A.B. asks: 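Can you keep this structure in mind? I'll have questions shortly.
A quick note: this is a predicted structure, and the numbers were derived from the prediction, not measured.
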Amino acid sequence: MKAPRIVERWLRGMEERGEYEPAWGDREDVYSVALAGVLHQRTRRELAEPVLRELLRRYPEPSDLLKAPEDELKESLARIGLVERRLKAVLGLARLLSEDPEPSGEDLLSVPGVGPYTANLVRAVVYRERVLPVDANVRRVVRRSTGRPVGDVGAEWVRTARDPRDLALGTVELGRRCCRLEPECEECPIAGVCAEQGRVRG
């Protein structure tokens, strides 16, 4: 399977040229990545990222977030909706990380409001485990490029990854930039090995 390696190189190239930066910026720890996963649920990156950056600036450590007035947190979260659900999740994450700064994927999933996408995002990006954070973007990329659903080929997609972090972030970003509902195949780095290249419209 050639596509995953191409996706990794594509992401690294964009980072080297300054054309891509993760939503959490320079820091890449469990707190920032897990927080990003929660805030990006059902929300476009351009809306969630400013809220994420604000929370990380005002509350740089989990212990800081736990001390924050609830009204302040709600005010920030109100900009992206699902306030009560996200509030429960970010506070639950902060409590977990205050006790264990390197929780397992199972530990993350024990926090209400934290699902498989967020847990696998942390596992791939921070722990470099060969897992795939599956959202709508990733589902489209894998299904269109392989002709099979991600549930059937996800393990194969990540097995040959040189850096699971680059593959995970690259697959998500490819879905955002190129493999949209109305795909931009001419801009796609894996068009040459895509099972549905040029035939997908929505």
Side-chain angles (χ1 to χ4, degrees), residues 4-68 72-73 75-77 79-80 86-87 89-105 107-108 111 113-135 137-138 141 158 161-178 189:
R5 289 285 181 86
I6 298 172
V7 171
E8 285 186 80
R9 291 196 298 270
W10 175 71
L11 184 87
R12 286 196 298 272
M14 287 198 300
E15 287 189 306
E16 290 168 1
R17 295 188 299 271
E19 297 172 358
Y20 170 81
E21 181 181 55
W24 46 83
D26 292 333
R27 63 182 291 175
E28 208 154 80
D29 53 22
V30 177
Y31 176 53
S32 59
V33 176
L35 205 57
V38 168
L39 298 183
H40 281 75
Q41 290 176 9
R42 302 184 188 179
T43 306
R44 297 193 307 274
R45 175 172 172 167
E46 56 267 28
L47 298 177
E49 184 172 326
V51 178
L52 172 65
R53 297 288 180 103
E54 176 185 294
L55 291 179
L56 291 175
R57 177 180 55 81
R58 295 170 71 176
Y59 318 112
E61 300 298 333
S63 57
D64 300 317
L65 194 144
L66 287 174
K67 297 173 186 173
E72 285 186 10
L73 294 176
E75 183 178 352
S76 295
L77 296 173
R79 290 150 53 190
I80 54 174
R86 293 192 211 271
L87 179 65
V90 299
L91 289 175
L93 279 171
R95 282 191 288 270
L96 173 65
L97 296 175
S98 293
E99 298 172 0
D100 180 3
E102 295 185 353
S104 68
D107 291 336
L108 289 167
V111 177
V114 173
Y117 172 81
T118 297
N120 282 352
L121 186 67
V122 170
R123 292 175 63 196
V125 172
V126 182
Y127 301 151
R128 298 306 208 265
E129 295 180 22
R130 283 181 167 79
V131 295
L132 198 59
V134 177
D135 64 358
N137 293 315
V138 169
V141 170
V158 300
R162 291 182 178 175
D163 188 334
R165 178 256 188 204
D166 291 347
L167 180 57
L169 296 183
T171 307
V172 172
E173 193 65 14
L174 185 60
R176 288 184 64 248
R177 296 194 183 206
C178 304

A.B. asks: Hey, what do you get for CD1 (Ile80) to NE2 (His40), rounding to the nearest 0.5 Å?
C.D. replies: 8.5 Å
A.B. asks: Which residues satisfy the side chain to side chain donor-acceptor pair (under 3.5 Å) test with Arg177, sequence neighbours excluded?
C.D. replies: Glu173
A.B. asks: Begin from the C-alpha positions of Leu169 and Val125 and carry the test side chain to side chain contact (heavy atoms under 4.5 Å, CB included) through to its verdict.
C.D. replies: CA-CA 8 Å; Leu169 296 183; Val125 172; 3.9 Å; yes
A.B. asks: Using side-chain heavy atoms (C-beta onward) and a distance below 4.5 Å, is Arg123 in contact with Pro133?
C.D. replies: no
A.B. asks: State which residues pass side chain to side chain donor-acceptor pair (under 3.5 Å) with Asp163; sequence neighbours excluded, sorted by chain then number.
C.D. replies: Arg128
A.B. asks: Could you tell me whether Arg17 atom CZ has more than 12 heavy atoms of other residues or ligands within 6.0 Å of it?
C.D. replies: yes
A.B. asks: Listed by chain and number, what are the side chain to side chain donor-acceptor pair (under 3.5 Å) partners of Tyr59, not counting sequence neighbours?
C.D. replies: Glu72
A.B. asks: Are the side chains of Arg5 and Arg9 in contact, using a 4.5 Å heavy-atom criterion?
C.D. replies: yes
A.B. asks: Measuring only between side-chain heavy atoms, which start at C-beta, is Val30 closer than 4.5 Å to Leu93?
C.D. replies: no
A.B. asks: Determine whether Arg95 and Val111 make a side-chain contact, defined as any pair of heavy atoms from C-beta on separated by less than 4.5 Å.
C.D. replies: no
A.B. asks: For the residue pair Leu35 and Trp24, establish whether any side-chain heavy-atom pair is separated by less than 4.5 Å.
C.D. replies: no
A.B. asks: Between Glu49 and Arg176, is there a side-chain N and carboxylate O pair less than 4.0 Å apart?
C.D. replies: no
A.B. asks: Compare all side-chain heavy atoms of Thr171 with those of Asn137 and state whether any distance is below 4.5 angstrom.
C.D. replies: no
A.B. asks: Is a side-chain N or O of Glu54 found less than 3.5 angstrom from the main chain of Ser76, in a donor-acceptor match?
C.D. replies: no
A.B. asks: What I want to find out is whether Arg58 reaches Glu75 closely enough, with some N-O distance under 4.0 Å, to be called a salt bridge.
C.D. replies: no
A.B. asks: Check whether any side-chain heavy atom of Val38 sits under 4.5 Å from a side-chain heavy atom of Val90, and report yes or no.
C.D. replies: yes
A.B. asks: Side-chain contact, heavy-atom cut-off 4.5 Å: Thr43 with Leu39?
C.D. replies: no
A.B. asks: As an exercise, state the distance from CG of Leu56 to CG of Asp26, rounded to the nearest 0.5 Å.
C.D. replies: 11.5 Å
A.B. asks: Spell out, as yes or no, whether a donor-acceptor pair under 3.5 Å connects the side chain of Ser32 to the backbone of Asp29.
C.D. replies: yes
A.B. asks: About how many Å separate CH2 of Trp10 and CG of Leu167, when rounded to the nearest 0.5 Å?
C.D. replies: 11.5 Å
